[in-house]
Amino acid sequence: VTVAVPESTVLRMAALAGLALEPAEAAGLAADLTGILAHVEALAEVDVQGVPEVSMAVEAGTAARADVPGADALAVPPARFAPGWAEPFFTVPRLATLDPDAQEAG
Amino acid sequence: VSQQWHEGGDGRPDGASSLAQQCAEIAAGTRSAADHVRAAFEGIAARDGRAGLNAFVALDEGAALETAGATPAGPLAGATVAVKDNLCTLRMPTTCGSRLLEGYVAPFEATAVRALRDAGAIVLGKTNMDEFGMGSSTENSAWGVTRNPFDPARVAGGSSGGSAVAVAAGFTDIALGSETGGSVRQPAAFCGVVGIKPSYGRVSRYGLVAYASSLDCVGVFGRSVADAALTLETIAGHDPRDATSAQLPVPALARAAAHGSAPASARGLVIGVPHEYFPPQLEPETAARCADALDRLRAAGATVRPVSLPHTRYAIPTYYVIATAEASSNLARYDAVRYGTRGTDGKVYEGARAHFGTEVKRRIVLGTFVLSAGYHDAYYGRAQRVRRLIARDFAAVFASGVDVLFTPTTPAPAFAIGEKTDDPYAMYLSDVFTVTANLAALPALSLPIGSAHGLPVGGQLIADRWAEQKLVTAAAALERALVS
């Protein structure tokens, strides 16, 4: 059974994904998705009984790291790695270089 | 393009017999890194750029010449490198071929790039690619199409097309690319160079811009198996900054290549030939070059055995469900707050995302659809399960005593620019023989096995997970068999 994707579905998906589409783009994508999903339908014929739905490709998964805690990043005094340090704060470059009008408009 | 660079991987532009030898001479001071780098930039100035092959999107000439002048040291001393534009680099922009990231300069460097620099290599620039890796031709870039050095009216392949061309045209010794579904091997095949996709987890992805995280890998290009193997060995290994990088010893790949290129190295090798990768519609010259490669391996003492990977025909639909689903999530970060340019009229988010190209929008909408309520189980859930079956097919074949699989890398040589841009599924099918290794997390390699109508033909070898040494040894043995 081939799913025909209507333009309204494409617009709903685009809204979910935060994509603004031009009307012509939405029509084109509806046709593209209908075509692509017609090929994806082939997956329905595969017997997947008992096969787990997991994102790892292989049974073994990815080799894990040793169960050893990493070094505490803050074991190094911040004064040695922070761009600026004024006890007890990190300091960052000043942002208020814009004029107040521009800040309000932005 | 000088054809001699493509024959058996020997014959370098400036006389050294291999990358390792060239680097040893530079490290010893008997060859000038500065001359090597200057010659590379002269070649780029003469034949690249928007009107030329369009392999590079950014160059770092000043820093490259400065590094070369400081007498580089290390196993890749003075080796010139091109880096795909989705690997973060200091100083140069990282745009992923997207207008959305125009002008973005990362404040850090990808581990793979850093590893090459630490080994003495010199990064010349960033290379063109399909936007965010989404494409198989390097036509989907905001910075124009990359052209095939063998025929500028044809595509370079993709998405790492610029990196493949940089090596094929002799602009650089080696290049870094990335793969989600074949984006190193397919352009390597189209451009007549060697491309390796390692096992998932073999190389750190720190600093690689994400497309589909369960599939993405950093890969390498070289003019010979030995050059590519040396490069991969340099960037492989665990990285505490990437939780998916495996804590395994780095395989001795340069040694594996040397072993494979020695006489009689093919003796005892068991090569599986999956019939699903040789369909009747395979381009006849490609089929003939594959048959020749297998004959030569047999003559060199290898055992060639027919095998079956029955779920192969489901690989493309599986891939395009999983990759787009993951992409729709990964690309949500381009929100004009952290990255991108803000839109106007209060549409900050949508305004920024209007800069995405058509293929990126297509994949985000498709990925959102297959994950949405009502469709998740039928598409995404099912694709996850079929993916596991595809991986089990490979596991069964390798458990039966097969060392490596041999297939064509692509169904046909490089196609014409514009030929497939109107038919997304036809474009997706150019990855039909490569996506399986990504889905199953396996290492795979493409090497030139001859030509058809003046265009390179690539042969693919696939090995079991973590078996890169076996993969490289077999590839070097095939490379030797092809010139003997």
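Labels below follow one simple rule: chain letters A, B, ... track the order of the sequence lines, proteins then strands, and each chain is numbered from 1. Computed from a predicted structure; not experimentally measured.
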Which region of Ala440(B), side chain (C-beta onward) or backbone (N, CA, C, O), has a non-hydrogen atom less than 4.5 Å from a non-hydrogen atom of chain A, or is it both or neither?
backbone

For Tyr320(B), which atoms come within 4.5 Å of any heavy atom of chain A: side chain, backbone, both, or neither?
neither

Contacting moiety of Ala383(B), where chain A heavy atoms sit under 4.5 Å:
both

Using 0.5 Å steps for rounding, measure from the CG atom of Leu366(B) to the CG atom of Asp32(A).
10.0 Å

Minimum heavy-atom distance between Ala44(A) and Arg382(B), given as atom pair plus value
O-NH1, 3.5 Å

Determine whether more than 12 heavy atoms belonging to other residues, nucleotides or ligands lie under 6.0 Å from atom CD of Glu22(A).
no

Nearest-0.5 Å distance that lies between atom CG in Leu429(B) and atom NE2 in His39(A):
7.0 Å

Salt bridge flag under 4.0 Å for residues Arg313(B) and Glu45(A):
yes

Rounded at 0.5 Å granularity, tell me how far CE in Met13(A) sits from OG in Ser328(B).
10.5 Å

Shortest non-hydrogen contact from Asp47(A) toward Leu389(B):
O-CD1, 3.7 Å

When Tyr380(B), Tyr314(B), Phe394(B) are compared by non-hydrogen pairs under 4.5 Å with chain A, the top option
Tyr314(B)

With a 4.5 angstrom heavy-atom cut-off, which part of Val365(B) approaches chain A: side chain, backbone, both or neither?
both

Under 6.0 Å from the OH atom of Tyr425(B), do we count more than 12 heavy atoms belonging to anything else shown?
yes

Nearest heavy-atom neighbours spanning Glu41(A) and Tyr379(B)
OE2-OH, 2.8 Å

Given the options Gln384(B), Arg385(B), Arg353(B), which has more heavy-atom pairs under 4.5 Å with chain A than any of the others?
Arg385(B)

Whatever's closer than 4.5 Å to a heavy atom in chain B on Leu29(A) counts as side chain

Measure distances from Ser199(B) to the heavy atoms of chain A and classify the residue's part below 4.5 Å as side chain, backbone, both or neither.
neither

State whether the number of non-hydrogen atoms from other residues, nucleotides or ligands found under 6.0 Å of Arg333(B) atom CZ is greater than 12.
yes

Looking only at Val40(A), Leu21(A), Val5(A), the option with the highest number of non-hydrogen pairs under 4.5 Å against chain B is Val40(A)

Value for OG1 (Thr324(B)) from CD1 (Ile36(A)), rounded to nearest 0.5 Å, stands at 8.5 Å

Could you measure the distance from the CZ atom of Arg387(B) to the CD atom of Glu53(A)? Nearest 0.5 Å is fine.
12.5 Å

So, the part of Glu25(A) with a heavy atom under 4.5 Å from chain B: the answer is side chain

